[in-house]
Amino acid sequence: MEKSIVSKILIVGCGLTGSVTANLIRHEASSNTEIWERGNNVGGRFYTYHSDTDPKFSVDFGAQYFTATLEFIRSQARPIFKLHRWQPLSFATTCSLFVNDGSSLRIYDELLDMDKLVPLGQKIENFRRLSEGKMNFVAPDGTDSLVKHFLDKADAKMCLDHEVTEINLKESEKVWEVKTSSGTVKEFDAVILTIPVPEVLKLKGNFHDLIQDDDTRIALEQVKYSSRFAVALLYKEPMKSIEELPWSMKYFPKDDTICFVSVDNRKRGRNSEIPSVLVHTAKKFFEDREWSEEEVKNHIVDYIKQILPELPEPTLTKCVKWPYSQVIDAYVDNPGCLVLNEYPCLICGGDSFTESNFNGCISSALRIVEELLKHVSIAISSKKAKHSEA
């Protein structure tokens, strides 16, 4: 199969899948890769709020911790060779690979060595017992630090406040024309969508005409997510009553209003830092009625006082709405990604095609790059070529 040569690649969405995908592409060639994120911060559902006044004052709003099997971690110990440019990756071979400047490093090894991930040493109350061979990890610097770690190595142009609204195929030129809500219009040789499938289906453009197979369209329409709010109770100084709680995280499995509470600084093993308490609402709470952000904040603060009366009045409360919190029904057979068009290349990926956890996002990114390299050859920029000749 003849491959097209691409130099301009767009990744839509800057969560974990998008950042790892950009990083893997960077190790194939220094292409002109851009990442468009509709929000004003990176991380996606790995979002961490950081105070403008105190860098130690932060709270994870989305993902809280990560579970990995020891089998998956051990699989990274087997020999893996550096990827050769333009050769397709074997998913079985690369499911634990992360190449860094010609060296074969493994994702968990690298993150653990740099203390980006550490074993979770805190108690999770009402948590199901882990099966043998599984282990929990936490990001001490916040979950968005993992996304930023991969972005720092990706050498991609990051564009915040870029909400993609329309994607059109320009058949004669074999490029994708991508438009944003703010009026930006730009052409790309390949587009990778890492946003949830329900958001993909809401986009405008003639790319929908490419989904002609009824089974594919039905499978896309059947991808479903749970929804919730996240409310943070923020404090400006240490609080003894929070320090004395017998847990750092707790599930509320029979509660219709909240499902999870985390003492964020203690969860990360940073007991001396300014505390913050994060509350995730239950699925039923989100579905019961339409809530304004202010209503949610007031209701959750009042409710949490009833079940945890020892909590003091917060200095500040913040609320985030997660309409696509966790995938309930992923794309059939969890393929990791879906190629909607081969030339020019259009690929959908993310947790819609795996599962909503750390390993799912990594696996999707690896599958995306594997499929991308089956159909394209990434043109090397002049900067990369000069570096190689030196």
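Reckoned from all heavy atoms, side chains included, excluding hydrogens, waters and symmetry mates. Computed from a predicted model, the values in this text were never measured in an experiment.
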S.K.: Is the closest side-chain donor-acceptor distance between T354 and N334 under 3.5 Å?
M.R.: no
S.K.: Taking all heavy atoms of P238 and all of E243, pick out the closest pair and write down the distance.
M.R.: CB-OE2, 3.7 Å
S.K.: Does a side-chain N-to-carboxylate-O contact under 4.0 Å join K250 and E125?
M.R.: yes
S.K.: What's the verdict on salt bridge (Lys or Arg N to Asp or Glu O under 4.0 Å) for R45 and D351, showing C-alpha distance, side-chain angles and the deciding distance?
M.R.: CA-CA 11 Å; R45 281 160 287 160; D351 64 346; 2.7 Å; yes
S.K.: Determine whether N41 and H50 satisfy the following criterion, side-chain hydrogen bond (donor to acceptor under 3.5 Å, both in side chains), listing intermediate values before the conclusion.
M.R.: CA-CA 10 Å; N41 50 67; H50 298 276; over 6 Å; no
S.K.: Rounded to the nearest 0.5 Å, how far does NZ of K297 lie from OG1 of T317?
M.R.: 4.5 Å
S.K.: Mind telling me whether Y47 and W322 have parallel, tilted or perpendicular rings, with 30° and 60° as the class edges?
M.R.: perpendicular
S.K.: Taking the six-membered ring of W36, is NZ or CZ of R38 closer than 6.0 Å to its centre and within 45° of its axis?
M.R.: no
S.K.: Parallel, tilted or perpendicular: which fits the ring planes of Y251 and Y65, with parallel below 30° and perpendicular above 60°?
M.R.: perpendicular
S.K.: For the rings on F286 and F229, is their centre-to-centre separation under 6.0 Å?
M.R.: yes
S.K.: Taking the inter-plane angle between the rings of F260 and H280 on a 0 to 90° scale, is it parallel (under 30°), tilted (30 to 60°) or perpendicular (over 60°)?
M.R.: tilted
S.K.: Under 4.0 Å between a Lys/Arg side-chain N and an Asp/Glu carboxylate O for E370 and R367?
M.R.: yes
S.K.: Can a side-chain donor-acceptor contact be found between Y225 and S352 if the only test is distance below 3.5 angstrom?
M.R.: yes
S.K.: Do L340 and L201 belong together in a cluster built from hydrophobic side chains that touch within less than 4.5 Å?
M.R.: yes
S.K.: Say whether F207 and V178 are linked into one hydrophobic cluster, either directly or through other cluster members, by side-chain heavy-atom distances under 4.5 angstrom.
M.R.: yes
S.K.: Can you get from I11 to Y324 by hopping between Ile, Leu, Val, Met, Phe, Trp and Tyr side chains that sit under 4.5 Å apart?
M.R.: no
S.K.: Do the side chains of R268 and D264 get close enough for a salt bridge, i.e. N-O under 4.0 angstrom?
M.R.: yes
